[in-house]
Number of protein chains: 2
Amino acid sequence: MSGEAIPGGRRHARHHAKPPAPIAQPRRASISPLTVKRLSLYLRCLEQLAEDGRATVSSQQLADALGLTAAQVRKDLGYFGQFGRRGVGYHVDDLVRRLRGIFGTDEVWNVAVVGVGSLGRALLGYKGFLKKGFRLAAAFDSAPGKIGRTFGGVTVRAMAHLPSAVKRQRLRLAILAVPVEAAQEVADAICDAGIKAILNFVPATLTVAEDIAVIPVDLAVQLEQLSYLVNAPAGGRRAR
Amino acid sequence: MSGEAIPGGRRHARHHAKPPAPIAQPRRASISPLTVKRLSLYLRCLEQLAEDGRATVSSQQLADALGLTAAQVRKDLGYFGQFGRRGVGYHVDDLVRRLRGIFGTDEVWNVAVVGVGSLGRALLGYKGFLKKGFRLAAAFDSAPGKIGRTFGGVTVRAMAHLPSAVKRQRLRLAILAVPVEAAQEVADAICDAGIKAILNFVPATLTVAEDIAVIPVDLAVQLEQLSYLVNAPAGGRRAR
DNA sequence: AACTGTGAAGCCATTCACAGCT
DNA sequence: AGCTGTGAATGGCTTCACAGTT
């Protein structure tokens, strides 16, 4: 009811490589979500390395830092181009730039926070997003008592203002943090307003159009994963 | 590098079914984390169905509600026992009970919140965890200004009290929400105190003993996944 | 000598398809 | 007839292993 059959479009004419590759954002061809998730971890790690002043890093070092294999690091990066230099490794600053290009976070994305309960407020107060290329730039709620109040420098507006804000502020991402009863209705409004992707903190499965991306973050589910692991007689531990 | 080589034991002499099967928590044999995650979603969905007064549900209906296939639902459940009745489906209340047994959440788990910044406070204020079997029962911080204050009915204590609280309150899970610089140090303290699993909100990879489970929840990473999907010229949308 | 990039192999997860209950 | 439980087939992700580059 959501992970629809993928269009499965034919695409991607493979033009053969160029040695170091010109700019970021090269070929594409439906990359696994697992790969994309690891890409985020590579980026986070590389940003740390850059801050520490490291110039280059090998796939093995990256793998060790994240609990992966060197081959996997190379393969993941290989889907997007040839970013390394044989015998040398990857240039940290360069790879950071390329990864940001892949995510689009070389430019700042404005993000809407919809639902300003305690979680929404906590997110508005977190200053770490900007460094990663995300600015929580607008907040919406339906409670009259919240509208007009300011959290983390952002003034809460009525839901009715969402569509115009989407255009004016070029909002493409929304963080959904409303009560579970309201979730689907609000999600519909968000999509109608022109938002392209939703980070869903609500413990409910949203039904949205095919071209809207949704990533669920259900904290109770995460705790359950943990209690399973602790409860399990045998079996694997999780990484990190 | 984490998902250790599996024992791979031969086991499970197939003793032919017992109609409804005795109690929950039957066989086990290193289940995929992906399966465990879906199990949480089944449970969430079933709890909703139970609230709505539904008596039975088929694998197809469950699959439709979550964007999966009926075969996958049956296979996932099949790892843990024979919970359904052919020709009928699954009894909702029964399956809820069995799934809770698998997660261990038929009893309430006390959880420690370590780091009472805005995110920690928001979590302490969220009342939805208890219904899922988790009680945020203790909070710790190192800032003198926070110690003694109460959030969501929980009084913040100094980190030094963690070890005794672990024993007294039988804390096995901790939510880590401290600043990134302190994360590894605090994680070490948490593990020393006897905590068995960590929900890690800090954007850093923790190094912990093999027998400690860690599940990372990096919100910037999640936003990056979304921006990738929106940025991507072609390719799949995510579910939910 | 060090290290990347990448086909091929291996492994794991999902889907298929159907036997077996109700 | 309806629906589960599960081997077998399929498909996808990861690891291997090595050619290629610095």
Side-chain angles (χ1 to χ4, degrees), chain A residues 3 5-6 8 14 16-21 26-27 29-39 42 55-64 66-92 94-95 98 235-236 239, chain B residues 1-6 8 12 14-21 26-27 29-39 42 55-64 66-91 94-95 98 235-236 239:
Chain A
I6 283 109
R14 165 128 313 86
H16 31 316
K18 297 166 192 169
R27 65 185 100 139
S30 82
I31 302 301
S32 150
L34 295 170
T35 291
V36 181
K37 198 163 210 171
R38 286 191 297 268
L39 248 34
Y42 303 154
T56 63
V57 67
S58 70
S59 57
Q60 185 63 61
Q61 293 166 331
L62 226 35
D64 288 347
L66 294 165
L68 307 168
T69 68
Q72 184 156 60
V73 173
R74 294 200 300 273
K75 186 134 286 210
D76 285 339
L77 296 173
Y79 291 125
F80 292 88
Q82 313 195 139
F83 298 156
R85 285 171 50 126
R86 298 175 190 217
V88 179
Y90 300 89
H91 187 67
V92 172
D94 176 58
L95 191 48
R98 286 169 188 283
Chain B
M1 217 110 293
S2 59
E4 302 318 38
I6 284 110
H12 72 333
R14 167 130 310 86
H15 44 137
H16 29 317
K18 297 163 191 172
R27 66 184 102 136
S30 83
I31 303 301
S32 149
L34 295 169
T35 292
V36 181
K37 198 163 209 170
R38 285 190 298 267
L39 249 34
Y42 303 153
T56 63
V57 67
S58 70
S59 57
Q60 184 63 63
Q61 292 166 332
L62 226 34
D64 287 347
L66 294 165
L68 306 167
T69 67
Q72 184 155 61
V73 173
R74 294 199 300 274
K75 184 133 293 213
D76 285 340
L77 295 174
Y79 291 126
F80 292 88
Q82 311 194 141
F83 299 154
R85 285 171 52 124
R86 298 173 192 221
V88 179
Y90 300 89
H91 186 68
D94 177 57
L95 192 48
R98 287 169 185 283

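Residue numbers start from 1 in every chain, and the chains themselves are labelled A, B, ... in the order their sequence lines are given, proteins ahead of strands.
With the nearest nucleotide of DNA chain C identified for both B/S32 and A/V57, A/V57 has the one nearer the 5' end. Nearest-nucleotide positions on DNA chain D for B/Q61 and A/G87 put B/Q61 closer to the 5' end.
Going from atom CZ of A/R86 over to atom P of C/dC3 covers 14 Å, rounded to whole Å. Between the CG atom of B/L62 and the P atom of D/dG5 there is a distance of 12 Å, rounded to whole Å. The interatomic distance linking A/H91 (NE2) with D/dT22 (P) rounds to 17 Å, in whole Å.
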Evaluate the side-chain hydrogen bond (donor to acceptor under 3.5 Å, both in side chains) criterion for residues A/D64 and A/Q60: first the C-alpha distance (whole Å), next the side-chain angles of each, then the deciding distance (0.1 Å), finally the verdict. CA-CA 6 Å; A/D64 288 347; A/Q60 185 63 61; 2.9 Å; yes
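Which of C/dA17, C/dG5, C/dC3 sits closest to the side chain of B/A71 comes down to C/dA17. Taking every side-chain heavy atom of A/Q72 into account, D/dT15 is the closest of C/dT14, D/dT4, D/dT15. Of the candidate nucleotides C/dT15, C/dC18, C/dT6, C/dT6 has the atom nearest to the side chain of A/K75. With distances taken from any side-chain atom of B/Y90 to the nucleotides D/dC13, D/dG5, C/dT14, the minimum falls on D/dG5. The side chain of B/R85 sits closest to C/dT22 out of D/dA17, D/dT14, C/dT22. With D/dT22, C/dT4, C/dA17 as the choices, the nucleotide that has an atom nearest any side-chain atom of A/V88 turns out to be D/dT22. Of the candidate nucleotides C/dG7, C/dT14, D/dC13, D/dC13 has the atom nearest to the side chain of A/L34.
B/L39 places a side-chain heavy atom less than 4.5 Å from the side chain of B/F80.
At the phosphate of C/dT4, OP1 or OP2 sits under 4.0 Å from a side-chain N or O atom of A/S59. Taking side-chain N and O atoms only, B/Q82 has a distance below 4.0 Å to OP1 or OP2 of D/dT6.
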